[in-house]
Asker: 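The structure under discussion is supplied below as structure tokens; questions concerning it will follow.
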Amino acid sequence: MDEPMNDAPGAQVKVTFTTNEVDLQLPEEKRQLLVPADIRRYGLSRILNSDLMLDSGSIPFDFLVNGSFLRSSLEDYLNSEGLSLETNLTLQYVRSLIPPVFEASFEHDDWVSSVDVLTSTSPAGRWSGDSFSRGQERVLSASYDGLLRIWNASGEVLVTSPSASHGGHSASIKAAKFISSTQLASTGMDRSVRVWKYTEPGASGQAELKPTLELYGHRASVDSLEVHGPSKRILTASADGSVALWSTSKSSSPEADASLLPNAHTSKRRKITSSITTPQRGPLFLMQVHNAPATAAIFDPRDHTVGYSISQDHTVKTLDLTTGTVVANLTLSHSLLSLCAIPRSNGTTLLAVGTSARHITIVDPHASAATTSVMTLRGHTNKVVALAANPENEYSLVSGSHDGTCRIWDLRSVRPASGGEMTEGGMGNVSEPVYVFERESRQGKKKAVAGEGAKVFGVVWDKELGILSGGEDKKVQVNRGRDVVRE
Amino acid sequence: MKSKPVEKKRKARDEESDSESDDELGNGLFDGVLEASEDEEDYIPSDEIDDGDSESEVSDGSEDAEEEDEDALLSDEIPSDDDMGKLSKGAEELEITEPGVDPKPKHQEEEDRNYKVVKDANGGERYVYDEIDPVYDSDDSDAQGPVNTIGDIPLTFYDSYPHIGYDINGKKIMRPATGDALQSLLDTIEVPKGWTGLTDVNTGNPLNLTQEELELVRRVQHGLVPDEGYDPYPDTVEWFTSKQETMPLSAAPEPKRRFLPSKNEAKQVMKLVRAIREGRILPYKPPEEREREEEEKEEVQFDLWQDEEPAAPNPMHIPAPKLPPPGYEMSYNPPEEYLPTKEEREEWEKTDPEDREKEFLPQKFNSLRKVPAWGTLVKERFERCMDLYLAPRVRKNRLNIDPNSLLPKLPSPAELKPFPTVVQTIFRGHEGTVRSVAIDPTGVALATGGSDGTVRVWELLTGRQVWSVKLSSEDPVYTVRWRPTKDAFILAASAGEDVFLMVPTHSSVTPTLDQASRDVLAAGFGYATNGQQPATAPGKEPAGKWARPGTKLEDAGVLVRVTVRSAVKVITWHRRGDHFATVSPEGQRSSVAIHTLSKHLTQIPFRKLHGLAQTVVFHPLKPLFFVATMRTVRCYDLQKVELVKIVQPGAKWISSLDIHSGGDHLIVGSYDRRLLWHDLDLSNRPHKTMRFHPKAIRAVRYHKGGLPLFADASDDGTLQIFYGKVPNDQLESPTIVPVKQLKGHKVVNQVGVVDIDWHPREPWCVSAGADGTARLWM
């Protein structure tokens, strides 16, 4: 330590601060600065927050140098890059990501396949508008035991969906989503999509969850479900390769195909007699667009008449949901398992696609084929089966994988792909995860082979509740997700 | 008659010895005459003479007189002249000298001395020694005849004299008789008929021989038979002939050799024939012709160097290294800085001559003429010569080959992606070994069968068990196989002797599909009840009994049970899903059975099998059926019911077999650790043999969804993934590259990975391990 002190007691590096954040722009004359060479992120952040600079108080900043985050002192960085101290460094400062600290776990009886939240900032909360009251944050979890559970933010089960004999799912639920503060939809391996009416615990004290509609149309397990509240539409993707668009309203739905109803053939099977009769309807459109299991389908975040679906047949299809036709087709090189949309501020939408080849590909569904694959996110060691975009910005997302980890990615931190990564189908730029967090239940244990016992099946990122993930460890894990929160 | 000549001869000898002691006068002449007379006497009675002295003369005496002359003429020049004279005189003196008295007695006292004392010119005594008379066979070669002492002068000087010179004793050497004189003498002598010039010893008369006697002598002399009438070469008289005699000389039966061709002769003849054939015996040619031919042969000359090109200088020649050119320090007048300082000089002198850097010290001289001679020149030259002689300047030809270049060019595994690399899902639930895995044709569900007697169906990606049934409490489920069509959802599993067909209906199977599957299974019961089952011999167990397995299993979805004669280890479906084949290795002749699902019919296609059947597989396109016994794979045509081909992998015990979806390639796994790739069009022998496992290979499987992959599962707990591209062009051979070894399964009781299956579309495979897990690799 003494040597650099003797060597350059006052070694200084000339840095130029830039940013993309509109509200944190520095005046032109303050952007260039001489800083000590051994300064680190914290010091730089302090300088930026000081009175002379931004006078912003205490916003933690991260600094991007040449597309990667500064993790060491400036001097070390320059040494590792082989640059001299005289180099003029351009530091892009961004609001710092705070590690997603573990906050709570919600225990289940069986594997948790999907999680959703209802808060004022979640889509369902926004769609409900005024009917959603503050402090009414809810967590919806779908489990492999065929039950839906609704939790309050402190981790108490408010209501559990009825069993199969009382109008519930007859098999594992694979996906569930809030449509509004009073309505939710679920689907699963019993091929049915169910719409539920949720009643908040009122004066009587008991919350209620009643099935209002059963939708039949898929011929195999339904793996993904997406809802759009205002238009009352549900989009599902099934293992039979079909994507279906449904309506939540009984009246606007066509009749269901009788052969697909569970009691269609009563010949020698034990009937699962339900005490509650729920109206059974069919899909608005059933699009047989894939020739392998379709694994996810979503609405375009800006235009609910456009949908995207992915499948194990390696394709991403853009669907016109008004006519039920395929508009665009994009073929990647691996089986695709999960999908989320990242709305960009410039009006376009990026799709993050999780693959069986353990990486996430960011594609632009609108661009021509040559530039579709924008970026590859590498780091997972198993299939990426869940993705959720950060609701607060357009450059970060969280992914859940069968390797038992969730990873947070920052699309701003990129580097060009090396040769070996190019051949593996990764195109364009490559990014590494910013944060990795494992299942809390596995803490301290040895890492499981193939993520056994720790697989993550569903993940959601909410502005208020943070990152919620459900998995094979029968828990919904809540991690702090307010990384860019402005105080 | 004989005694007389002997006596006479004795007398003559006595006289002779007297004459020998005679003085030198006339000695030379008389000697010859005496001898000649002696010869004549000795002629006839030669056999009786035992005296050694005269023996030598006998041979000469046997000659004719003329011949004797010739001999004498040849032997000596000068004495021959005397002989001529003697001859003539001898005949006359024969009578004269014999009775004659010699003057020998006068010199009796001087007989002992062989010299005479004479007075020389000065009056002093002079001893004159007798002439030493060498006897005929004396060793004295010096004794020449009278030698002419006249010196080197022409003989013409003596033409006018009767003599031609003087001998050593000063006696005249008389001129020999000339030819004319001799001839005239001979002419004067009338030779009577039959004259021999010899005396008959018996009668004393001159010996005359008749013409017959002379002829006899001549014949004897010529070595002929003396008798003139004797014919030494008379014509043969054929006493024994091949002709059949009317009265044969012998009554013995004719020997076999007379009429049997001689083997020995045949051998000899064959030897000759062979020699002629081989050119060892050549037909006769006159010597001159042969010589000419040989000359012609010799004339063929080859130009050894006609094709020679100027060669490069000998590559082995390496010139001796050049001496470095002299530098400034070698100059007689180097610059000052090259001159050694005092310390340097001392140090140089101190060091051993061998350790010195330089063998000289620079020195400065005013002029070149002051430079002394180089003291160590000879030593240096010698050392350099020694260096040249001892240093082995041989260019070593090292084999400079990059070992990597010898390896065959294989594409790098990274270029051959995708293929499974890591385990992504573990299916845990079976107790004991997972015996079999199968992914359903849609690629969503995985079926496993285990030693615990259960069949389980799993969601492939998540590893969630969605269905299970316990088929048997004792027997393990050896194999599970999906019916390979998508119109129904039927799983076949074997436990013990039973094959169960089931519809593992979990909730994501639509009722329609479920019902369709049930209908497929139930269709055959109509056949059974209609009695269309082939009649089996009474008392003989039918090949397969089709029945419902009982309500408990039926409620779980197991709808049909087929019982065959012995435990089923392998089930293989035909691609259309109406037939499936089972193998029960212990089942002897009924080990292979083909079942028809739509008719609930079981047939045993082979009356006899060569060896224990291990596994079977249907050809993916043609009506062919492959049966693997322990050592061979037999291909049968099911339509024509005939054996098409026998493939011999060379393995000792085949464990598993799979056929490429193109139908032309076969992989065979064996318990003796080998994986064999066969090109069925090419050969019955393996195209490629791979040994990648230290333990037995239990299962091999091609990817059936269009990816060029295949894999094997081994008892060492690993799977080996291969890239195996079958080219469209039939002429090219398939590319086979091992790309990945998948490790993860634990070995339990020396059993590792038991079964393997590929996903129908993706490069994913599932393995069943003895550690109770199935694993999905992707």
Side-chain angles (χ1 to χ4, degrees), chain A residues 111 113 144 146 164 169-172 188-192 218-223 238-241 257 259-270 291-293 295 312-314 333-335 337 356-358 381-383 385 402-403 420 423-425 448-453 455 457 472, chain B residues 412-418 420-428 440 442-445 459-467 486 489 503 505-519 522 551 554-557 559 705 743-745 759-764 773 775-778:
Chain A
W111 301 0
S113 58
Y144 269 82
H169 280 287
S170 59
S172 304
M189 291 172 76
D190 63 355
R191 312 183 316 282
S192 68
H218 285 301
R219 291 167 190 277
S221 167
V222 187
D223 294 333
S238 163
D240 62 0
D257 184 355
S259 69
L260 296 172
L261 301 181
N263 50 1
H265 297 278
T266 53
S267 52
K268 290 181 184 65
R269 297 184 63 194
R270 278 181 301 170
N291 47 25
T295 46
Q312 287 187 27
D313 64 2
H314 307 184
S333 54
H334 298 282
S335 271
L337 300 177
S356 66
R358 303 170 277 280
T381 58
N382 208 331
K383 306 176 281 282
V385 292
H402 280 181
D403 62 4
T423 59
E424 282 177 45
V449 177
E452 204 184 9
K455 296 187 190 85
F457 294 129
E472 201 183 0
Chain B
S412 124
E415 294 166 13
L416 304 176
K417 283 186 176 181
T421 51
V422 288
V423 60
Q424 297 282 251
T425 310
I426 298 176
F427 304 89
R428 217 177 272 277
D440 83 320
T442 61
V444 174
E459 199 179 31
L460 181 67
L461 287 181
T462 56
R464 176 83 184 181
Q465 181 183 319
V466 293
W467 188 85
K486 291 184 184 176
F489 194 65
V503 183
T505 302
H506 53 92
S507 52
S508 50
V509 178
T510 59
T512 322
L513 183 62
D514 177 54
Q515 193 57 44
S517 310
R518 285 162 186 275
D519 290 346
T551 51
E554 275 179 73
D555 284 347
L559 299 175
K743 294 177 187 167
H745 280 291
H759 191 275
R761 292 180 309 272
E762 300 290 333
W764 305 342
T773 64
R775 284 164 196 249
L776 169 67
W777 309 82
M778 56 167 64

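Quantities reported herein were computed from a predicted structural model and do not represent experimental measurements. By convention in this document, chain letters (A, B, ...) are assigned in the order of the sequence lines, proteins followed by strands, and residues within each chain are numbered from 1.
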Asker: What residue, out of B:Leu776, B:Thr462, B:Thr442, has the most heavy-atom pairs lying under 4.5 Å from chain A?
Answerer: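 Sorted descending by pairs with chain A, the first entry is B:Thr462.
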
Asker: Would the number of heavy atoms belonging to other residues, nucleotides or ligands and lying under 6.0 Å from CZ of B:Arg464 be above 12?
Answerer: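 For B:Arg464, atom CZ is crowded (more than 12 foreign heavy atoms under 6.0 Å).
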
Asker: Check whether A:Phe457 gets within reach of chain B through its side chain, its backbone, both or neither, counting any heavy atom under 4.5 Å.
Answerer: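 Contact with chain B involves the side chain of A:Phe457 alone.
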
Asker: A side-chain contact here means heavy atoms from C-beta on lying under 4.5 Å apart; do B:Arg428 and A:Glu452 qualify?
Answerer: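 Of all side-chain heavy-atom pairs linking A:Glu452 with B:Arg428, at least one is under 4.5 Å.
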
Asker: What I'd like to find out is whether the side chain of A:Lys455 reaches to under 4.5 Å of the side chain of A:Lys383, using heavy atoms alone.
Answerer: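 Side chain of A:Lys455 against side chain of A:Lys383, heavy atoms only: no contact under 4.5 Å found.
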
Asker: If we only count heavy atoms from C-beta on, is the B:Arg761 to A:Pro293 side-chain gap below 4.5 Å?
Answerer: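 Of all side-chain heavy-atom pairs linking A:Pro293 with B:Arg761, at least one is under 4.5 Å.
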
Asker: For chain A, which candidate among B:Thr425, B:Thr421, B:Val444 shows the most heavy-atom pairs at distances under 4.5 Å?
Answerer: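 Top count of heavy-atom pairs under 4.5 Å with chain A: B:Thr425.
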
Asker: Donor-acceptor check, side chain of B:Trp467 to backbone of B:Val503, threshold 3.5 angstrom: yes or no?
Answerer: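 Checked: no pair found.
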
Asker: Name the region of B:Leu461, side chain, backbone, both or neither, that has any atom closer than 4.5 Å to a heavy atom of chain A.
Answerer: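 For B:Leu461, heavy atoms of backbone and side chain both lie under 4.5 Å from chain A.
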
Asker: Rounded to the nearest 0.5 Å, how far apart are NZ of B:Lys417 and OG of A:Ser333?
Answerer: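 The OG atom of A:Ser333 is 11.0 Å from NZ of B:Lys417, to the nearest 0.5 Å.
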
Asker: Which value, rounded to the nearest 0.5 Å, describes the distance between A:Asn291 atom CG and A:His314 atom NE2?
Answerer: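 Those atoms lie 10.0 Å apart.
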
Asker: Please find the pair of heavy atoms, one from A:Trp111 and one from B:Gly463, that lie closest to each other, and give the distance.
Answerer: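 Minimum heavy-atom contact is CH2-O, 3.8 Å.
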
Asker: Most heavy-atom pairs under 4.5 angstrom with chain B, which of A:Arg358, A:Gln312, A:Glu472?
Answerer: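 With the most close heavy-atom pairs to chain B, the winner is A:Arg358.
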
Asker: Checking heavy atoms, do the side chain of B:Val423, its backbone, both or neither come under 4.5 Å from chain A?
Answerer: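 Answer is both: backbone and side chain atoms of B:Val423 are under 4.5 Å from chain A.
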
Asker: Which bit of A:Ser238 comes within less than 4.5 Å of chain B, counting heavy atoms only: side chain, backbone, both or neither?
Answerer: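 For A:Ser238, there is no contact with chain B at all, as no heavy atom is under 4.5 Å.
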
Asker: Report the option among A:Ala171, A:Ser335, A:Ala239, A:Ala220 that has the most heavy-atom pairs separated by less than 4.5 Å from atoms of chain B.
Answerer: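 Highest number of heavy-atom pairs under 4.5 Å: A:Ser335.
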
Asker: Could you look at B:Gln424 and say if it's the side chain, the backbone, both or neither that has a heavy atom under 4.5 Å from chain A?
Answerer: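 Answer is both: backbone and side chain atoms of B:Gln424 are under 4.5 Å from chain A.
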
Asker: Highest number of heavy-atom pairs under 4.5 Å with chain B: which of A:His402, A:His169, A:Arg219, A:Met189?
Answerer: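 Result: the option with the highest number of such pairs is A:Met189.
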
Asker: Chain A heavy atoms under 4.5 Å from B:Glu415: which part of the residue, side chain, backbone, both or neither?
Answerer: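 The answer is neither part of B:Glu415.
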
